[in-house]
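Let me begin by presenting the structure, written as structure tokens, before commenting on it.
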Amino acid sequence: MDISQLQALQPYLWTLPKTAHEERAEVLLYGSQPLLKSMDEKVLEQITNVATLPGIVGAAMAMPDAHWGYGFPIGGVAAFDAEQNGVISAGGVGFDISCGIRCLRSNLNLADAAPLLQQLADRLFETIPAGVGVEGTLQFTPQQLDQVLAYGAHWAVKQGYGDTADLEFIEENGCVAGAQPYNVSTLAKQRQQGEMGTLGSGNHYLEVQVVEHIYDQATAQAFGLHQGQLLVSIHCGSRGLGHQIGTEYLMMFVKAANQLGIHLPERELACAPIQSPAGQQYIGAMQAATNCALANRQILTHLARETFGEIYPHAVLETLFDVSHNTCKKETHEFHGQTRTLYVHRKGATRAFGPGHPQLPARYQTTGQPIIIGGSMGTGSYILAGMENNPAFASCSHGAGRAISRNQALKKWQGKELIKELKQQGILIRTRSMRGAAEEAPGAYKDVDIVATDTEKAGLARRVAFLKPKVCIKG
DNA sequence: ATGTCC
């Protein structure tokens, strides 16, 4: 990104000054100068487009891991006021609705578990369905899926997947309100019939990680984390169902925008007023897809526990947290001294509630919520904690963020060689797609250490622990 | 992200 057009407000906060007659909200980018320089040019163009949408409150913001996305950049945050003609955008949520990360802490230490890690990798690869269009062993009718869409992880627990103890540590306690399964098409439900309890492809994964470094002992202790401990992180979303909803509502929004005379800087930013019928229908469908994703991660949690139990009979996996990073949520925020109800789009951005937030479980009241920055295949991930006075409507980075495109990555790396190199580093990759592995090469991502550091320096969240991958089941 | 182009 050409940063000469940007103005530094603080060392880790930048803005794009407006030209004379430009009518838009403020644009803010979070991150250090080198990080912004390495960001693709499209991020600035896209986040500036977002700033022109009706009813936006405060600034259109790009997180430190931002990169080009469909309409909104991934790593984009924007809040809208329904009372001021604010809009909801399917591209602003992302096509993988409620994609997110479930993190489980184990009672195992790497030192004890190491001799059986290869066996664990092989078994997880057999038991965790992963890959494009790969279906699981579960099949549901559209009617049964209506239950999934209405009750989320509660439904999954009731069916015997996991434990009620998990629910407290899932965002919204495992089920979001306002889901409208009847606003999800039959086709979307059909696509999901065999895909519950599956990982999907692309950047999705199930990873076994070791806590390699602790930044904040007190918070790590509150989170139940210690050095050398094994964790499991599951990154996936609402699969074919969410994608189908995104596709259908995007088309509906394009039509609605034309009819209502909403100017779209580009088609990909198609949106509808929150208070319009199209907007309300999308919100109901999006909430249903969120429940689908929460149930999906709950089933995968159960599958992971079964497999861990086979290899390590005394293994216990407890939910640290489950948080989505492709959402639009109705939330209350203090803004310029006023309490406002806002619809916060977080696309490739994680919610980051600080200490004392009423929606956090008692365990995290004093620390703030656990936040997971998922790294690329061979690098590492971070666990952070939410802070008071987060400047971005309680949002922060969600991952390393791509640095180069999938096509460029394919030209630069070969999956088979990458997997061999990673094995030499003690990281076991299991995947059905060598192409996917090349696209997901660690070198195709930003430096996760810089993203996490900049996230902290920008005041978005604070680092608690660094995790190193040991086993990675890739989609 | 995605039955990786209905």
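Every chain is numbered from 1, with letters handed out A, B, ... down the list of sequences. All values below were derived from every heavy atom in this structure, side-chain atoms included, with hydrogens, water molecules and symmetry-related copies excluded.
For the pair A:M251 CE and B:dC6 P, the interatomic distance rounds to 11 Å; values are reported in whole Å. Summarising the geometry, the separation between CD on A:Q244 and P on B:dT2 is reported as 13 Å, rounded to the nearest angstrom. Rounded to an integer number of Å, the gap from A:Y70 OH to B:dT4 C1' is 15 Å. The separation between A:E248 atom CD and B:dT2 atom P is 16 Å, rounded to whole Å. Put simply, CZ on A:F95 is 14 Å from C1' on B:dC5, counting in whole angstrom units. If you take NE2 of A:H235 and P of B:dT2, they are 10 Å apart, rounded to a whole angstrom. Atom-to-atom, NE2 of A:H243 to P of B:dC5 comes out at 9 Å; the value is rounded to the nearest Å. Residue A:L187 contributes atom CG, which lies 11 Å from atom P of B:dC6 at whole-angstrom precision.
Across all strands, A:G240 comes closer than 4.0 Å only to sugar-phosphate atoms, never to a base (heavy-atom distances).
Contact check, A:R239 against B:dT2: a side-chain N or O comes under 4.0 Å of OP1 or OP2. Regarding contacts with the backbone of B:dT2, a side-chain N or O of A:S201 is found under 4.0 angstrom from either OP1 or OP2.
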Could you walk me through whether A:F466 and A:Y382 pass the ring-ring contact (aromatic ring centres under 6.0 Å, His included) check? CA-CA 5 Å; A:F466 172 67; A:Y382 281 82; 4.9 Å; yes
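Scanning all heavy atoms of the two residues, the minimum distance from A:G91 to A:F72 falls at O-CB, 3.6 Å. Between A:T341 and A:D81, the shortest heavy-atom distance links the atoms O-OD1, 4.2 Å.
For an aromatic pair to be called close, the ring centres must be under 6.0 Å apart, and A:Y364 with A:F169 satisfies this.
Of the two residues contacting DNA chain B, namely A:S433 and A:R406, the nearest-nucleotide position lying further toward the 5' end is that of A:R406.
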